Amino acid sequence: MAGAPTPHHSTASPQGVPSLAQAPLAQAPRAQSPLVQQLQQARDLAAAALDSVSFSLLGEADAMMVLGTVEDLGRRVDAARVASAADISVRSRRILGHESLAYTNGASSGIDLITRLTRVSSREANRRVRLGENVTPRRAGTSMLPPYYPAVADALTAGDLGVDAAENIVTALDQVAARVAPDDLGTAERALVASATGAVTDETRGLPGEGFAFPADLVRGMASQWQARLDPDGTAPNEPVAEARSTVGFGLFRDGLYPLRGGVTPELRGIMNAIFDTYLSAHAAPKFPTEEEQARMAAGQLIPGAEAAALSDDRNGGQKRADILRGVFEAATRDPGTPTMGGAAPTVMIHVNQADLTADHGVGWIDGVEAPISLTSVKQALCAGGFQEIRFGPHNKVLSLSTENRFFNRAQRRAIAARDGGCTIPGCTVPAAWCEVHHVTPWHRGGKTEIDNGVLLCWYHHHSIDTSGWNIRMIRGTPEVRAPYCYDPTRTWRAAEGNPANRARARARSRPRQARPTSG
């Protein structure tokens with residue numbers, strides 16, 4: 001990096017800089033060099049200018065210009081931070097022994113010294129040093145060698161390239177550098193720097209996006225593409241031994257959740273994205289009814305709020321993905337091809353105290369899971385999956401086990417799925433295979449486990465049916481729904497059409513073939 005301090009330069013003490021650590025360091029000279037004084041003046045001038053800014057009072061144009069100007073200033077400062085951290089690290093090498101800068105100042109290592117002087121975390125100090133080692137000149141005996149990544153170094157020093165984008169480029173290319181020709185590596189580096197800064201170079205001329213500066217996240221994706229282009233065997237190996245494998249595990253229970261740990265291959269990520277995007281994109285934007293739709297609404301052919309299932313959904317994207325994943329797993333448990341365990345299909349056993357259930361107070365427990373679940377989830381499971389009652393006597397002796405199961409059997413579920421086609425709530429796109437069967441009249445209020453008392457609901461709408469404002473009833477074996485007041489002030493009961501893409505299409509008879517006219 002041009003202008004970066006190197007190991008053979010004299011060391012200016014940071015002691016006179018007020019913003020640094022207050023603990024005195026051994027053998028630090030007291031006099032401030034002109035360079036340090038100049039940097040202090042620049043710091044004070046920038047601080048005074050920033051203190052005078054009232055961001056909320058700026059006009060829109062000024063607010064955007066201030067953002068860009070502050071970012072330009074920050075990039076220059078970040079480049080100096082990286083260069084300075086790398087210099088301190090070089091001066092603190094263990095090979096220098098008692099001459100190490102860290103040793104002479106009572107620190108255990110260069111990272112320790114950097115964290116004492118700057119008060120940043122060791123993680124941030126390591127991050128700066130790793131990047132600095134790749135973008136600062138290197139000492140070889142009495143001479144200096146250019147940086148490993150000179151294009152990144154020049155753009156970083158000039159303030160055209162941010163540290164995050166520089167790190168993305170260097171990290172990606174470093175992984176393939178040992179297996180790629182230097183000229184090819186240089187071509188990739190210059191192309192990526194050009195894409196990150198908006199420069200037009202021989203590598204980017206004529207390509208899509210020429211002359212545009214892309215954010216660091218997009219630069220990371222471009223760097224991955226260069227990785228695959230330069231070293232396909234190393235980036236996506238075909239050998240079974242070297243090929244990456246997806247892995248999933250669970251962390252310790254905390255704050256009501258089990259954290260997922262692991263990673264997925266690009267192939268599995270693509271499959272998951274396809275499923276997630278399909279259902280997340282459905283009915284993503286609101287629309288106002290046309291005159292034709294208004295007429296259909298008046299005639300009872302269109303349910304107001306058909307898009308409301310999406311609009312009233314308070315889940316964020318991650319929560320929606322989790323519920324989609326839940327639907328996939330639940331569908332797998334019902335699939336005839338799923339392996340059995342102990343002669344039965346995969347079954348989640350939930351335990352709850354009858355008194356707690358009656359009092360609507362308490363929790364439930366799942367076999368194999370130490371954390372409790374809410375009574376809302378228990379009731380939903382009882383509605384969809386049924387139950388068996390176990391009576392205990394003294395010393396936890398089992399007195400009786402009921403055989404009554406209030407759940408819809410496979411044949412009933414097939415019939416209900418053929419009728420509803422998917423989630424009954426208008427606008428919901430969850431297919432029948434992912435839905436649960438809901439008792440319209442609850443079983444604890446005398447509702448029977450019959451086809452005429454069951455409708456399909458996705459997990460989310462089943463879980464929130466008592467609080468969402470949607471109502472469901474059965475009229476002569478046909479489900480009807482009533483939308484919340486905010487979507488239909490008339491609160492009119494209407495035949496549930498569900499999602500047209502999901503509902504059974506075989507119910508409508510094909511138009512008879514017309515006889516062809518014969519010629520005279």
Side-chain angles (χ1 to χ4, degrees), residues 271-272 274-283 303 305-310 313 315 320-338 345-348 377 380-386 405-443 447-465 468 470-481 483 494-509:
I271 295 172
M272 296 173 71
I275 295 294
F276 290 148
D277 292 346
T278 298
Y279 288 94
L280 291 176
S281 64
H283 307 287
I303 304 172
E307 309 293 327
D313 194 344
R315 297 172 295 171
K320 291 178 181 179
R321 292 185 186 93
D323 287 344
I324 292 171
L325 198 60
R326 177 199 301 270
V328 172
F329 278 114
E330 290 183 344
T333 65
R334 293 188 291 266
D335 191 286
T338 300
T347 304
V348 177
S377 297
Q380 180 180 353
L382 288 172
C383 178
N405 291 297
R406 298 181 183 273
F407 64 87
F408 293 88
N409 60 37
R410 183 172 297 178
Q412 290 173 317
R413 180 182 174 83
R414 283 199 296 263
I416 294 172
R419 182 195 66 204
D420 297 347
C423 182
T424 304
I425 299 299
C428 184
T429 59
V430 176
W434 294 7
C435 289
E436 299 174 346
V437 183
H438 168 64
H439 287 77
V440 177
T441 300
W443 56 266
K448 297 181 179 180
T449 305
E450 299 176 344
I451 295 175
D452 289 350
N453 191 42
V455 296
L456 292 185
L457 290 178
C458 69
W459 180 89
Y460 172 73
H461 287 115
H462 196 183
H463 195 73
S464 60
I465 192 63
S468 63
W470 286 94
N471 301 127
I472 305 175
R473 71 180 183 183
M474 301 295 292
I475 300 297
R476 294 185 296 276
T478 300
E480 292 187 349
V481 298
R494 306 172 193 273
E497 292 293 334
N499 179 27
N502 286 338
R503 67 172 180 260
R505 288 163 287 186
R507 289 182 295 176
R509 182 183 178 183

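Because the structure is a prediction, the values reported are computed rather than measured.
Heavy-atom minimum distance, Cys458 versus Cys435: N-SG, 3.9 Å. Taking both residues in full, the closest heavy atoms of Met474 and Asn453 are given as CG-CA, 4.4 Å, listed atom of the first, atom of the second, then distance.
Not a single side chain to side chain donor-acceptor pair (under 3.5 Å) links Asp452 to another residue, sequence neighbours left out. Remark: Arg473 engages Glu480 in a side chain to side chain donor-acceptor pair (under 3.5 Å) (not counting sequence neighbours). Listed by chain and number, the residues in a side chain to side chain contact (heavy atoms under 4.5 Å, CB included) with Gln412 are Phe408, Asn409, Thr449, Ile451 (sequence neighbours excluded).
Atom CZ of residue Arg413 and atom CG of residue Asp420 lie 10.5 Å apart, to the nearest 0.5 angstrom. Taking CZ of Arg419 as the start and CZ of Arg414 as the end, the distance is 15.0 Å to the nearest 0.5 Å.
For the pairing with His438, the side-chain contact (heavy atoms from CB on, under 4.5 Å) check across Leu456, Thr424, Leu457, Ile416 returns one residue only, Leu457.
Two residues are said to be in side-chain contact when any heavy atoms from C-beta on lie closer than 4.5 Å; Cys423 and Tyr460 fail this criterion.
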